[in-house]
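This one's a predicted model, so the numbers in the text were calculated from it and none came from an experiment. The residues of the chain are indexed from 1 along the displayed sequence.
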Amino acid sequence: MDVERRKDQMQVDPSPSSLQPSFLTSKAGAAQPPQLQVLKYDIHSWSSYSAAYHPRNILVDRPDDQSSRWSSASNNHAQFVMLKLERPAVIKEILFGKYAQVHVCNLKEFKVFGGMQPDNLIELLSGGLKNNNEPEAFRLLCTVRDMAFPCQYIKIVPIQPWRNNFNFSIWYVRLRGTDDRSVVTPVVQAFYELQEKEAVRICLKHLRQRNFMDCFESLQKRTRVDLESPIVTQLYQLLVVEGSFEASEALVRETMTRSVLQEYISGQPYTPEWKLVCPTGATGALQWAEAGTAPGMRGGHQMCIDNKAGAIYLLGGWDGQRDLGDLWVYRIAENRWTCLSENTAEQGGPCARSCHKICFDDVNQQMYVLGRYVEQHQRGGMQTETYQCDFFRYDTLTYTWHCVSSNTEGDGGPGLIYDHQMSVNSKDGVIYVFGGRTLSADPAEQSIYSGLFSYNIHTGEWTELRGDDGAGPDGIRLMSRIGHSMLFNKDDRCLYIFAGQRNKEYLADFYKYCVDTGELKEVCRDSSREGGPDPGFTQRATVDTTLDEFYVLSGLVRERSVHEDRVSDAVKNSFWVYNIKRDKWSCAYQNDNSDPAYWSTMQTKEPCPRFAHQLVYDSTNKVHYLFGGNPGEQNNRKARLADFWSLKLHRPDDAGILQRCMYSIRKQQFREQCSKDALQALKYLQTEVGSVVDHSNDENEKDFRLLA
């Protein structure tokens with residue numbers, strides 16, 4: 001087969017990551033900007049404006065002046081405002097000022113683009129403004145893989161106002177970053193150099209695809225630009241030019257021994273494997289809870305894991321009628337539940353409760369319990385002292401309870417709270433508590449949210465790190481909430497705070513709090529706009545510090561309607577992975593089916609959608625465990641679940657990647673043989689190609705059968 005036909009069929013020639021400039025992935029020109037400064041700009045161009053609402057109005061912040069804004073003459077998606085900076089800069093932040101009152105023309109959704117030329121811009125931000133009178137600042141994409149990105153033009157593209165059929169309005173825009181020449185000049189120079197290299201690579205790719213090898217070699221020699229890795233070039237020569245399949249396979253095998261694909265493998269999507277855990281001694285798939293050999297149905301319970309001992313602890317919850325006070329342990333190696341107590345209060349522990357929180361100190365092998373929910377109808381007759389928040393410690397070695405405090409608020413900690421989050425830094429002996437709603441004897445204080453606290457295990461002292469308003473010296477507001485996720489990463493010593501609910505608003509924001517410096521960083525304003533989960537409540541999260549990943553299992557989420565003017569709550573099944581180093585979300589599992597009849601057939605295959613469930617992570621064996629929750633049945637609001645699931649995430653390993661490479665090479669060899677000797681090709685398909693097919697994978701098996 002001639003080179004051109006083989007090249008077209010194999011498509012092994014890698015393109016330079018599309019037309020997006022490679023300077024975005026290079027470390028050349030990396031620079032750390034100095035202290036941020038307000039950048040001067042002027043209005044370069046615009047799509048339209050109505051009446052006296054000229055784009056130049058956004059240069060000045062006049063929140064009390066209703067006319068001090070840019071207002072488009074139309075509400076179609078062709079509207080924009082282009083800003084031109086006084087000189088090139090590295091822009092880190094954009095702030096939108098607002099009118100002193102709520103306004104229907106505020107931007108509910110918008111995008112920001114930037115670059116050095118007005119006709120060659122990349123997306124720096126996708127976001128939306130809240131419909132209030134508070135200015136909002138957003139981080140812009142200013143570095144990618146440690147390289148600073150220069151801009152002289154900023155284009156703001158409105159997508160949707162807060163009320164449909166109204167025109168767009170922007171009241172004020174402020175840009176912050178650095179235009180220091182000593183910083184920006186080398187960044188701009190690196191930008192143009194790498195842009196030129198990218199153009200050369202595109203030309204090289206085209207020349208090789210068209211088999212203009214003389215021109216290809218001449219250009220490569222003159223520019224000294226490599227199109228790709230030398231290994232890929234060698235594979236192209238063997239496979240596409242020479243058609244040497246055996247040599248190609250040998251090269252791939254030899255390459256795999258060098259472990260050069262680890263970064264590629266770490267970026268591959270996960271494949272989920274759910275398994276219904278049937279404890280030892282159970283007679284039926286879902287009968288162990290009824291037999292008393294495992295915890296019964298519940299939601300609002302709590303779980304934590306002792307990774308050293310391979311033990312999962314479960315405490316309390318709500319079974320649809322009453323709070324529970326039982327304590328269970330699941331031994332992973334034995335696959336067996338054991339009831340440690342039917343009522344922990346009788347052993348000096350906490351009373352029956354739900355919506356509390358527990359965490360495990362793996363240094364001292366102790367579990368801590370804080371908070372509880374009190375039903376609305378029970379609050380009226382409660383004495384003032386019953387609104388006090390107790391704090392318990394359970395020693396898993398001696399099986400004993402200790403009341404650390406009968407009133408944490410009196411000790412300088414949070415009041416009686418529920419639906420908060422608690423994480424432990426075992427190395428330093430510090431527990432962090434954030435959020436939750438406070439219960440009080442005063443009805444006027446029932447809507448108060450709790451702030452961020454730390455508890456020193458060694459000294460027994462509480463410290464309030466941030467109040468309910470979330471105000472801090474960094475100028476970033478961390479609003480308290482309920483039903484959120486919070487994780488402690490022992491490697492970077494930061495708390496990761498994600499999602500939750502504040503009043504009636506479901507959140508999808510994401511923050512990183514350094515416990516050493518108190519610095520708060522807003523990772524993103526809305527994860528759903530950056531490839532992550534929708535805004536949600538009771539989303540459960542875990543972390544794996546060895547893989548630099550944390551995981552989120554969805555709960556109750558708020559979905560946008562097709563027309564974006566209405567939202568609805570839904571219980572959805574999805575599992576998300578956030579890569580800390582790459583700052584990137586990916587969805588490992590999702591099943592949007594909401595048909596009860598469908599889920600009745602899936603009882604032993606996948607967990608049905610739920611919220612108020614619990615999730616823990618066995619970091620030793622890389623397995624998640626899910627128990628119980630509320631299925632959200634509209635016709636049975638008291639329904640709760642008692643199923644127990646394991647989730648294993650699989651990525652291709654070296655052997656899997658090698659198998660896929662061998663299959664691709666042999667599949668191409670089979671296709672070429674078909675045009676020469678069909679009988680011999682069929683024999684090759686059955687023996688050589690079939691031997692490298694993963695027959696346990698339905699997609700691979702289907703693709704293999706289609707070859708015949």
_Closest contact, heavy atoms only, A541 versus V552_ = CB-CG2, 4.1 Å
*Where G114 and I154 come nearest, the two heavy atoms and their spacing*: CA-CD1, 4.1 Å
*Run through K581, K584, R582, R651 and flag the one making a salt bridge (Lys or Arg N to Asp or Glu O under 4.0 Å) with E549.*
R651
*Have N57 and Y172 got a donor and an acceptor in their side chains that come within less than 3.5 Å?*
no
*asked:* I'd like to know whether CZ of R258 has more than 12 heavy-atom contacts from other residues, nucleotides or ligands below 6.0 angstrom.
replied: yes
*Where do L59 and Y41 land on the side chain to side chain contact (heavy atoms under 4.5 Å, CB included) test, with the steps shown first?*
CA-CA 8 Å; L59 292 166; Y41 68 86; 3.2 Å; yes
_E196 atom CD, over 12 foreign heavy atoms within 6.0 Å_ = no
_Do M256 and L261 make a side-chain contact, defined as non-hydrogen atoms from C-beta onward lying under 4.5 Å apart?_
yes
*asked:* What verdict does the side chain to side chain contact (heavy atoms under 4.5 Å, CB included) test give for L83 and V81, after you've listed the backbone C-alpha separation in whole Å, the side-chain angles of each residue and the deciding distance to 0.1 Å?
replied: CA-CA 7 Å; L83 316 179; V81 173; 3.7 Å; yes
*OG of S126 to CG of L141: how many Å apart, nearest 0.5 Å?*
12.5 Å
_Between Y49 and N167: side-chain donor-acceptor atoms closer than 3.5 Å_ = no
*Does the side chain of D180 pick up a donor-acceptor pair with the side chain of S182 at under 3.5 Å?*
yes
*If a pair satisfies salt bridge (Lys or Arg N to Asp or Glu O under 4.0 Å) and one of its residues is in residues 154-174, list it, with sequence neighbours excluded.*
E93-R174
*Only one of N106, N132, D61, N131 clears side-chain hydrogen bond (donor to acceptor under 3.5 Å, both in side chains) with K98; which?*
N132
*Residue pair E522, R139: steps toward the salt bridge (Lys or Arg N to Asp or Glu O under 4.0 Å) verdict*: CA-CA 8 Å; E522 184 183 61; R139 290 188 309 123; 5.4 Å; no
*Are the side chain of S218 and the backbone N or O of D214 linked by a donor-acceptor pair below 3.5 Å?*
no
*Would a 4.5 Å heavy-atom cut-off, applied to side chains only, mark M116 and Q195 as touching?*
no
*Hey, what's the ring geometry for F138 with F110, parallel, tilted or perpendicular (30° and 60° as the breaks)?*
perpendicular
*Minimum heavy-atom distance between S527 and P533, given as atom pair plus value*: OG-O, 3.0 Å
*With sequence neighbours excluded, residues passing side chain to side chain donor-acceptor pair (under 3.5 Å) with D65*: S67
*Audit row: W576, F510, ring-ring contact (aromatic ring centres under 6.0 Å, His included) steps and yes/no*: CA-CA 14 Å; W576 298 81; F510 181 20; over 10 Å; no
*Check for a donor-acceptor pair, side chain of R540 on one end and backbone N or O of S485 on the other, with a separation under 3.5 Å.*
no
*Among all residues two or more places apart in sequence or in another chain, which pass the salt bridge (charged side-chain N to carboxylate O under 4.0 Å, His left out) test with D428?*
R493
*What distance do C142 atom SG and L124 atom CG have between them, rounded to the nearest 0.5 Å?*
9.0 Å
*Considering only heavy atoms from C-beta outward, does the side chain of F216 approach that of L204 to under 4.5 Å?*
yes
_Heavy-atom pair with the smallest gap, counting every atom of V90 and V184_ = N-CG2, 4.2 Å
*G532 to W585 - nearest heavy-atom pair and separation*: CA-CG, 3.5 Å
*Close side-chain approach of E505 and L507, heavy atoms under 4.5 Å*: yes
*What orientation do F550 and Y578 show, parallel under 30°, tilted 30 to 60°, or perpendicular over 60°?*
tilted
*So, does Y496 use its side chain to make a donor-acceptor pair with the main chain of I580 at under 3.5 Å?*
no
*S423 (side chain) donor-acceptor with M486 (main chain) under 3.5 angstrom*: yes
_Any side-chain to backbone donor/acceptor pair from S48 onto A73? Under 3.5 Å, distance only._
yes
*asked:* Walk me through whether N503 and Y449 qualify under side chain to side chain contact (heavy atoms under 4.5 Å, CB included).
replied: CA-CA 10 Å; N503 299 326; Y449 291 84; 3.2 Å; yes
_Nearest atoms (heavy-atom pairs only) where S72 meets S50_ = O-OG, 3.5 Å
*Using distance alone, with no hydrogens and no angle criterion, decide if D654 and Q262 have a side-chain donor and acceptor under 3.5 Å apart.*
yes
*Measure the CZ-NE2 distance between F166 and H103 for me, rounded to the nearest 0.5 Å.*
8.5 Å
*Any chance CG of D491 has more than 12 other-residue heavy atoms, nucleotides or ligands included, within less than 6.0 Å?*
yes
*Ring geometry between Y153 and H44 (parallel below 30°, tilted from 30 to 60°, perpendicular above 60°)*: perpendicular
*Should Q79 and W46 count as side-chain neighbours, where that means a heavy-atom distance under 4.5 Å?*
no
*Going from SG on C203 to NE2 on H206, what distance comes out if it is rounded to the nearest 0.5 angstrom?*
8.0 Å
*For S259, check side chain to side chain donor-acceptor pair (under 3.5 Å) against everything at least two apart and list the hits.*
none
_Any residue meeting salt bridge (charged side-chain N to carboxylate O under 4.0 Å, His left out) with E464, in chain and number order, not counting sequence neighbours_ = none
*Apply side chain to side chain contact (heavy atoms under 4.5 Å, CB included) to I156 and F96, showing your working.*
CA-CA 11 Å; I156 305 172; F96 290 88; 4.2 Å; yes
*Could you check E228, E217, Q220 and say which one makes a side-chain contact (heavy atoms from CB on, under 4.5 Å) with R208?*
E228
_Contact between R69 and Y99 at the side-chain level, heavy atoms closer than 4.5 Å - yes or no?_
no
*Would you mind checking if R481 and D509 are paired as a salt bridge, meaning a charged N to carboxylate O distance below 4.0 Å?*
yes
*Rounded to the nearest 0.5 Å, what separation is found between the CG atom of L219 and the OG1 atom of T223?*
4.5 Å
*Which residues satisfy the side chain to side chain donor-acceptor pair (under 3.5 Å) test with Q152, sequence neighbours excluded?*
none
_Between CZ on residue R466 and CG on residue L478, distance to nearest 0.5 Å_ = 6.0 Å
*asked:* Contact between M82 and L121 at the side-chain level, heavy atoms closer than 4.5 Å - yes or no?
replied: yes
*Spell out, as yes or no, whether a donor-acceptor pair under 3.5 Å connects the side chain of T463 to the backbone of S454.*
no
*Only one of R529, K130, R525 passes salt bridge (Lys or Arg N to Asp or Glu O under 4.0 Å) with E109; say which it is.*
R529
_Are the side chains of L85 and D179 in contact, using a 4.5 Å heavy-atom criterion?_
no
